[in-house]
Structures are given as C-alpha cells and as structure tokens.
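Since the structure comes first, as structure tokens, the remarks are kept for the end.
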Amino acid sequence: MPDITLPDGSTRSFDNPVSGLEIAASIGPGLAKAALVISVDGELWDLSRPIETDAAISIVTAKDDAGLEVLRHDTAHLMAEAVKELYPDTQVTIGPAIENGFYYDFARTEPFTPDDLVAIEARMAEIVKRDEEITREVWPREKAVEFFKQAGEHYKAEIIAGIPGDEDITLYRQGDFIDLCRGPHLPSTGRIGAFKLTKIAGAYWRGNSDNEMLQRIYGTAWATEKDLKAYLHRLEEAEKRDHRRLGREMNLFHLQQEAMGMVFWHPHGWRLYRTVQTYMRQRLDAAGYVEVKTPELIDRSLWEASGHWEKFREHMFTTEAEERVLALKPMNCPGHVQIFRQGIKSYRDLPLRMAEFGACHRYEPSGALHGLMRVRGFVQDDAHIFCTDDQITPETEDFCDLLMSIYRDFGFEQVRVNFADRPAVRVGADDVWDRAEEALLEAVKGTGLEVQHTPGEGAFYGPKLEFVLRDAIGRDWQCGTLQVDFVLPERLDATYVGEDGERHRPVMLHRAILGSLERFLGILIEHYAGRFPLWLAPRQVVVATITADSDGYAGEVLARLRAAGLNAEADLRNEKIGYKVREHSVAKVPAILAVGAREAEGETVAMRRLGVKEQEILALDEAVDRLQKEAAGPLARTT
RNA sequence: GCCGCCGUAGCUCAGUGGUAGAGCGCGCCCUUGGUAAGGGCGAGGUCGAAAGUUCGAUUCUUUCCGGCGGCACCA
C-alpha cells in the first residue's frame, strides 16, 4: 500500500504495489508516453518495476540529463543486439553511455569496417521498429555465469565474477538478446531516439594495455532527430576551428616528419607566439618574478639526483658526448634549483619566484602526438617559487589571482580547480605528503574558486592544483598548475639560512599558467576560431586600394599604421575591392582599410572590421588612434 | 606503443591494370573595378617509400613511413 510522493510534494496512495508507468499514467497520458525511467528515492528504476513501499519519486523523461543518459545506454544495448544478430560470433563486453552518446566494446576476430557500421545502423533501426519489450530479470550468480559461458560470452562471465557478492545479478532481455546489466532501461526499444554510429576504434579490455584489444564502436544518441542534427552541426563547426586546419589556412605553423612532434613556426604564427610570450613576461615581471635561462642539455647525474632518471628515463631524449650521457631537459626544476644553490640564501630572499620560458623535450609515444596540443618539443611558462611553509598559502593565493587575471585577458572566463593528491607511485614519506596536501588545500580555500578533488592524480613528488579553463565552445582544457614539492629541495640539497641562523629546506612550488605555450596557442586558436582580438592578431590591418591611383596614399596610410606599432600590410594588387575584402576576411584579418580617390582626397579611410558588414569612414588620424589603442591590449588597460 | 581507416598538384578532392583530372591557389596578359570570388592563357604531379605479382602497377599483394580517429601514456 505505497504512498508515493511526487516532486511537487503531493502524495498519492495506491492500494497495491505500483509501477512507474502506472504512476506516470495516473498523472497524465502525455507523461506516460514521455516517461523513460523513474527515480525512486533518488535511485533510477525501470518503469515496469513494482514499487512496494512508500517512496518519493519523479518521472524521468528525455528532457532530464538522467533520462538522456538512460536513452544513450539503451542505444548501446540496441547496437549490441544488432551486432549479435549480424555477427553472431562476436562477444559483447561493456557498453556505457558517455557524453553525447555511447560506445560498446566487442571481441571479434574480424575487424568491423565502415560498411559494417552502415549495416549495424540499419539493423538498429529495424529493432527500434520491432519495439521489443525490455525486461529486467534477477538471476542466481551461478546460473548467470553458466549461461554466459555456454553462450561463449567469456567477458561477461568475467564481469560477473567481479561483481560484489551482495549485489543482485540483473539481466535485461530485449527480443532474443540478453545482456548482463545494472540498468535501468527503457520499457521497449521503440522508445529509443535519434542515433548515429560515428567511429570504430581499438580499446584495451578493462583499459589496461597489457590486455587484449577489443573493437569499440562509438555512437551518438539524442532524444530527437533535431537534437542529433544540431549535435552533428556542432561537430562540423568544431572541425572548422581545428587549430591544425587554421594553422595551415592562416599560415601559422607546420609539422613534418623529420622533426616529429616539434613545431615549425611561420612568421605569422611566431608573431602570435611572441605576443603571448611578451605579455606573459610583463605580467611575471610585475608580479615579482625573476626570469632565468637554464641549459637544455644536462648530464644524466643531475637527473638521477632529481629522481627523473628513475621514473621518466624512457620519456627523455638523450645523447652522448665525451663518454657521458646527456639528456634534453623534460622540465626546468632541477636547473632552477642549481641557480638557487649558488651562493647562500637567507630567509630574507624568500619567497624567490624564479621564472623561465623553458624549452623542454619529452619523448611522447607516437600515438599521443596531436598538432600543437601534444608535442615533443615545447616551451613552458614555468616558474618555481622557493618559499617557507608559511608562505605557501599567500603565494598560492597570489598565484590564483594572477592566473585568473591572465586567463581573463585571453578571453577565458570560466575556470575550475582540481585538487590532486598522492598517486600510488611516488617519492617522499607519507607525513611529508600529509603536510603538502594540507597546505595546498588550506591555500586554495581562500581563492573562492570551485574546487574538485581528484584522488591519486598528483605528481610523483607532490600534490597539485590543476586549473581548467572552458573555451568558447564549452570544452575544458587543463592549463595552469601549482604543485607543492617538499622532495626536490631535499634531493638536490637546496637550503636557506633562517632567522635562527640554522639551515632550512625551502619548499618549492612548481607553477605554470599557460602550461605549454604551443598547446596554449592551439587552445587560443580554437577558442577564437582564428578570429583573434586585435592585440593578439598576427596580421592586424590590411590597407587595400580601390584603384592603382591610390597607391601613393595607401603608402602614407601604411607608414602611419606602422609608426603606431601596428602590424600592417598594403594590398596594391590589380584586383577589385570586393575580391580583396573577401580574401582578407577569409584570412581573418581584424581590420581592412579601403582607400580610393575619395579617401585620398579627404585624408580618410574606409574601415571595415572583421565580422561587420558595414564600413565606417574615419579620418586617418582617428582610425590610427583607435586601432593603436585597441592593439595595446589588456596591459594598457590594467596600467 | 596498440587497433582501425587513410596517403593522387601548395590546399580540397575526383579517377584508372595501359605512366592522370577538377576547383581554389600560383605566374603572365586583359580589365582601374567602391566592400565576401571580373575574364583569358599558362606552369605545376617519379599518384607516401620499397619489394612482389604482371607483358605492363598510381591502381592488386606485402612490408615500412607518415597522417587521422580512438585506446594506453601524459613529470
């Protein structure tokens, strides 16, 4: 005789155990039709499952995130059913819902082909039409294991073995397809929405590279055809802003196999790079950092002392000279400790904020390389703050302020922080880790930033904060980091003299704001889709002539722009103005100044800004002045 | 590194067991045109590399290299 409490607080009494579908129907036929699953005291249940005791419920539809997730999970099952029908020798393994869709991992000798995907998708549509009822069954563990073994589904049998003994083994049946699954699921396959299979990929069983590789099929699934279309459109738009594509189109950089994972920066790209670096240098100077430069090639012994040789040897490029092994630095910290160790440091020297645009090399696995986002040679906006325990909190707070201000200047407003604590493989004693973790947490509390805990994700030498920014199309990128390190100062014997006249160990804070400049530029390119604000744009202004009669005046305009420190070019080609405007708009030049007889006559320019259809006639002085102010960028605004 | 797909002109791509094509771009010529492509002509490719099958391979097979998508890795 359950009393059912609805989300609005009202209560309905039922004489007998009642199913979600019956409750939905009692509220209204529209809801019964839209219902996918039911939330019972916060737990998602199948609509058909009888509710026997009092409960607070809500009906979940495809409008809820949870409903969409169930829909996607069901689409994964639908795909598995289609695959089993078409390729009965295939073993099914796991198939969860993921962001925007789902995947399912299969074990099969033959690889799936793109043509197979088409066939599977067609079969899935058929099964939706069949509208097979999806039913939940609880099986005894032994029977389930036996069943899957007999069916040749050895992965499923293995999964059951890993399910804790006190949990029910639930199977879901739809048509002739039975799958081990926790659920919940929709009432029938007919409720599944719009979907599309997107890609085939390899994936290791249980995510472990020692295990065999399975075939993963990815798909996307939505409540409606319209949502699916919108998603596919978003993907196309994202592709258009791919930094590798824009890098080529805007002639910013290239990569080639003779220097895999290392960037050839072209003049425009390098100008962008320098703009970012110059900006950062000024911000660091203003924030009390000292800049240094340390060797890129350092003897193995230093890497052994720092601990890197033991842990990261395979990821370091090495060379030999004079019968010594030298390694290209994968990071800057040991070098910075060497500078710290020169002379005797006093507590009065702390905090010492030592920055370097450090050129690092890491031997990344070939499969990991990805445009500018994952490279083997890169420059970090790296710095190490040598400080006392007591200074960790204020230094971290100052760092967070600096970082937020810099992200904002680059056009990123949304930032979160991950707090990552001790990983399984690490150096240093546990009590040292306790102190480090506590200090970081305490420091970050004062920043007001949203903090997420990611256990076990810390660096091998200390816990860290990871700063994640969100770009213009909602993607998250981890860029900034701040890591407490009690270990390296000890290993490399860094000391300072305290007020008491005794030697003490400084704490090191490893910190970066942009991370790898290469990667950050990749993110910036995608964030702005190549349409940079004027201060960042590598090509700022083009002066385009209407006819050759105006070449002389265009030269004057160009000289004025350049004198004002702007990057300006003249387009004197024998082309129509429409052609020039189109070409420079496509090239994403922020400002086009058209000049013809009228402009030459009145000392004016016709300014057209990127993305704006209308032109504006301005006095030359006014145009130069405006562009110059705008191009000065955020540094001019803050001082 | 692992699995799959792909590799034809600077770019985007078509095509064929008998040594190749389009559009854009590039060069020259005509056009001097007022805001997202004016017209004509032309140059440009050992079809990723090597080996094999074949009378003949860019096309079929194998291996390698690279790119892409995932997985694993990411101090």
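A, B, ... follow the sequence lines: proteins, then strands. Residue 1 opens every chain.
Between the CG atom of Asp382(A) and the C1' atom of A75(B) there is a distance of 11 Å, rounded to whole Å. A straight line from CD1 of Ile200(A) to P of C71(B) spans 15 Å, rounded to a whole angstrom. When the C1' atom of U12(B) is taken as reference, atom CZ of Arg245(A) falls 9 Å away, rounded to whole Å. Rounded to whole Å, atom C1' of C5(B) lies 13 Å from atom CG of Asp116(A). Between Lys311(A) atom NZ and A75(B) atom P there is a gap of 7 Å when expressed in whole angstrom units.
Counting heavy atoms of neighbouring residues, nucleotides and ligands inside a 6.0 Å radius, atom CD of Glu212(A) exceeds 12 of them.
One cannot find a donor-acceptor pair under 3.5 Å joining the base of C68(B) and the side-chain atoms of Arg244(A). One can find a donor-acceptor pair under 3.5 Å joining the base of C74(B) and the side-chain atoms of Arg374(A). Evaluation of atom-type donor-acceptor distances gives a pair under 3.5 Å for the side chain of Arg608(A) against the base of A36(B). No donor-acceptor contact under 3.5 Å links the side chain of Glu583(A) to the base of G25(B). With hydrogens and angles ignored, a donor-acceptor pair closer than 3.5 Å exists between the side chain of Tyr204(A) and the base of G1(B).
Across C3(B) and G10(B), the matching P atoms stand 32 Å from one another, rounded to whole Å.
For Met316(A), whose side chain is taken as the heavy atoms from C-beta onward, the closest listed nucleotide among A75(B), C71(B), G38(B) is A75(B). In this structure, of U32(B), G38(B), A36(B), it is G38(B) that holds the atom nearest to the side chain of Lys576(A). In the set C2(B), G25(B), A36(B), C2(B) carries the atom at the smallest distance from any side-chain atom of Met213(A).
Among the atoms of the strands shown, base atoms are found under 4.0 Å from some heavy atom of Gly596(A). When heavy atoms are screened at a 4.0 angstrom cut-off, Thr547(A) is found touching base atoms of the nucleic acid. Among the atoms of the strands shown, base atoms are found under 4.0 Å from some heavy atom of Ala606(A). At a threshold of 4.0 angstrom between heavy atoms, the contacts of Tyr218(A) are confined to the sugar-phosphate backbone, with no base atom among them.
Annotation: of the two residues near RNA chain B, His308(A) and Ala597(A), the 5′-most nearest-nucleotide partner is Ala597(A).
Here Phe112(A) and Phe106(A) bring their ring centres to under 6.0 angstrom of each other.
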> What dot-bracket string describes RNA chain B from 5' to 3', counting Watson-Crick and G-U wobble pairs whose defining distances are under 3.5 Å, with [ ] for crossing pairs and | for pairs to another strand?
Replying inline: (((((((..((((....[..)))).(((((.......))))).....(((((..]....))))))))))))....

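Of the charged side-chain nitrogens involved, none lies within less than 4.0 Å of a carboxylate oxygen, so that Asp421(A) and Lys464(A) do not count as a salt-bridged pair.
To the nearest 0.5 Å, atom CE of residue Met316(A) and atom NE2 of residue His308(A) are 7.5 Å apart.
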